[in-house]
Amino acid sequence: MHDIKSIRENPQDFDNGLKRRGLAALSSEILKLDQDWRQTTTRLQEMQSARNDASKRIGQAKAQKNDAEALRLMGEVTRLKDEMPAAEQRAKELEQTINERLGEIPNLPAADVPDGPDESANKEVRRTGQPRSMNFAAKQHFELGEALKLMDFEAATRMSGARFVLLKAQLARLERAIGNFMLDLHTGTFGYQETSPPLLVRDQAMFGTAQLPKFRDEQFGTTNGYWLIPTAEVSLTNQVRETILSEADMPLRFTAWTPCFRSEAGAAGKDTRGMIRMHQFSKVELVSITTPEQSQAEHERMTSCAEEVLKRLDLPYRTVVLCTGDMGFAARKTYDIEVWLPGQNAYREISSCSNCGDFQARRMEARYRPTGDSKGTRFVHTLNGSGLAVGRTLVAILENYQQADGSIAIPPALRPYMGGAEAIAAHGA
RNA sequence: GGAUGGGUGGCCGAGUGGUUGAAGGCACCGGUCUUGAAAACCGGCAGGGGUUUACGCCCCUCGUGAGUUCGAAUCUCACCCCAUCCGCCA
């Protein structure tokens, strides 16, 4: 949500930001509504003030038994009140319209975000690790998983339809190992607080992190008004909704390993094979709540925390900064981390780390009180990142650690979580 | 699902029609005292918005929205949320 005051003060900056995102200018339309609202409000407040004043004097007149004066004042108030309802209604309508419009406008890109229309304009900022050379043709993860008889798309489809998968035995355990490994790293080494949050949330929470109102179609909802979280970002970030924190509390760092649910509306035909794009997947999420001064450094830190997972798993990856046209709705700047998938011969997104600035905080009313200042509050900054997508990490391990015979080596960092096993043996071996 | 109780400032908690935006406590900020800290004491301290060059002035907010009234945190209605007990249940 944008600050109407900053639009008033810098309409040109606002429109420029939208333009960088490929959107039309909106400031003049918004400001026209705003001006109308302010005029209406000022007029209404004058009437309210006059009414309050007269009411007070009625009380005084009655106390002094001056019934004539009281009666006269009552008449005055009655006359005043004739005009008030219309102004009240008008002000309310305008306010609602403005809020609806503002709620559907995405965050503005940070100054150092490269301009561009789509992912082709994203900029690689670093490349880490070398794709392993294989003396055989690399297979894709679903070929490997199905050959192992441990990845069952058919059974999943029979009960749930497309975009679901059922993992078995060593692969099911591998998923658990990955999740545990990531949580241990982020809590133990990086100081994130492990959290086990609700997976069903209300409208307000989804509005807070900006899945609503614009992306309703991409969510799963229950028949009685709950939403299934599309990412733990929703639950973790909304922890601070409608609160006023102390500056000393920050930064707050939370992590959670949860299932995520996405309808994948609009993704028809994309990534239909395999488990790259599922209706349900698990992810370890990182969320930080910071002061405005801290958020930029925290963004770099968070990205490096996510990267560390890939380093420890010895998976090659590259980090890109998304261009203005490819960023998500709430982000002011985003790094994507893309892991190398030899079976696809491509880098594929495995993490997305975003600094949302105060955009979500405004929607959630998440504020803090600066130290040494007992008066006044400021909005916090919120950041979120995958640390990492667990399903896609499993995909990456399968493809990068595949052996000629179809078995999968287990990365050393995960072996303690796999009962010491060094490989997932080929079926029938 | 049934029954009851309840939603007040950062937190706890008074307050049932009239200068109450709200006692008291805690927290926080400033000060006195102290070698320093703590304690004690003194003072300050809700949020949002409009308007103003500024000082300031004004409006709104006691879950939300309607209503009664000259006037509502206080009365009425609807809704939302929370708690407890019962039922069901992992």
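Order of the sequence lines sets the chain letters (A, B, ...), proteins ahead of strands, with each chain counted from 1.
Nucleotide B:rC85 forms a Watson-Crick or G-U wobble pair with B:rG2, both donor-acceptor distances falling under 3.5 Å. Using N1 to N3 plus N6-O4 or O6-N4 for Watson-Crick, or N1-O2 and O6-N3 for G-U wobble, each under 3.5 Å, B:rG9 pairs with nothing. Figure legend. B:rA23 is base-paired to no nucleotide; pairs are counted as Watson-Crick or G-U wobble with both atom distances under 3.5 Å. Across every strand in view, B:rA73 sits unpaired, with no contact that passes the Watson-Crick or G-U test at under 3.5 angstrom. The partner of B:rG43 is B:rC29, by the rule that a Watson-Crick or G-U pair needs both atom distances under 3.5 Å.
Proximity note for A:Ser49 (side chain, C-beta onward) versus B:rC59, B:rC81, B:rG50: the nearest is B:rC59. Comparing atom distances between the A:Gln48 side chain and each of B:rG50, B:rG48, B:rC60 picks out B:rC60 as nearest. Which of B:rC81, B:rC60, B:rG49 sits closest to the side chain of A:Arg202 comes down to B:rC81. Considering only the side chain of A:Arg369, B:rA46 comes nearest among B:rA46, B:rU51, B:rC60. For A:Thr42, whose side chain is taken as the heavy atoms from C-beta onward, the closest listed nucleotide among B:rU51, B:rG65, B:rC59 is B:rU51.
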Go through the steps for A:Phe329 and A:Phe215 under the test ring-ring contact (aromatic ring centres under 6.0 Å, His included), then give the verdict.
CA-CA 10 Å; A:Phe329 187 81; A:Phe215 306 102; 5.4 Å; yes
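Of the C1' atoms belonging to B:rU68 and B:rC75, the separation is 8 Å, rounded to the nearest Å. Taking the P atoms as reference points, B:rU61 lies 15 Å from B:rG9, given to the whole Å. Between B:rU69 and B:rU84, the two P atoms lie 40 Å apart (nearest whole Å). Distance check on atom P: B:rC85 versus B:rA27 gives 32 Å, rounded to whole Å. Taking the P atom of each, B:rU74 and B:rG17 are spaced 11 Å apart, rounded to whole Å. Taking atom P on both B:rG47 and B:rA22, the two are 13 Å apart, rounded to the nearest angstrom. Atom P of B:rG67 sits at a distance of 16 Å from the matching atom of B:rA73, rounded to the whole Å. Distance check on atom P: B:rG15 versus B:rG7 gives 11 Å, rounded to whole Å.
Looking at A:Arg312 and A:Glu308, a side-chain N of the basic residue comes within less than 4.0 Å of a carboxylate O on the acidic one, giving a salt bridge. Using a cut-off of 4.0 Å between Lys/Arg side-chain N and Asp/Glu carboxylate O, A:Glu264 and A:Lys270 are scored as not salt-bridged. Using a cutoff of 4.0 Å between basic side-chain nitrogens and carboxylate oxygens, A:Asp36 and A:Lys32 are not scored as salt-bridged. At a threshold of 4.0 Å, the pair A:Glu233-A:Lys283 does not count as salt-bridged, since none of the basic side-chain nitrogens sits closer than that to a carboxylate oxygen.
The CZ atom of A:Arg43 sits 17 Å away from the C1' atom of B:rC60 (whole-angstrom rounding). If you measure from atom CG of A:Asp53 to atom C1' of B:rG18, you get 15 Å, rounded to the nearest angstrom. Separating the CD atom of A:Gln45 from the P atom of B:rG49 is a distance of 12 Å, rounded to the nearest angstrom. Computed from coordinates, the A:Glu95 CD to B:rG50 C1' distance equals 12 Å when rounded to whole Å. Following rounding to the nearest Å, A:Ile98 (CD1) and B:rG49 (P) show an atom-to-atom distance of 13 Å. Rounded to an integer number of Å, the gap from CD of A:Glu365 to P of B:rG49 is 10 Å. Atom CE in A:Met84 sits about 14 Å away from atom P in B:rC70, given to the nearest Å. Counting to the nearest Å, the P atom of B:rC80 and the CG atom of A:Asn224 are 13 Å from each other.
Here A:Arg378 lies out of heavy-atom contact (under 4.0 Å) with every strand.
A:Leu322 is not listed as a side-chain neighbour of A:Lys333, based on a closest heavy-atom distance of 4.5 Å or more.
Residue A:Glu242 is the one, among A:Glu242 and A:Asp3, whose nearest nucleotide of RNA chain B lies closer to the 5' end (criterion: closest heavy atom). If you find the closest nucleotide of RNA chain B to A:Ala54 and to A:Arg367, the one lying nearer the 5' end belongs to A:Arg367.
Here CG of A:Leu200 is found 8.0 Å from CZ of A:Phe261. Values are rounded to the nearest 0.5 Å.
Distances shown here put every side-chain N or O of A:Arg51 at or beyond 4.0 Å from the OP1 or OP2 atom of B:rC58. Residue A:Arg38 places at least one side-chain N or O closer than 4.0 Å to OP1 or OP2 of B:rU51. Listed pair A:Asn52 / B:rC58 fails the phosphate criterion, with no side-chain N or O lying under 4.0 Å from OP1 or OP2.
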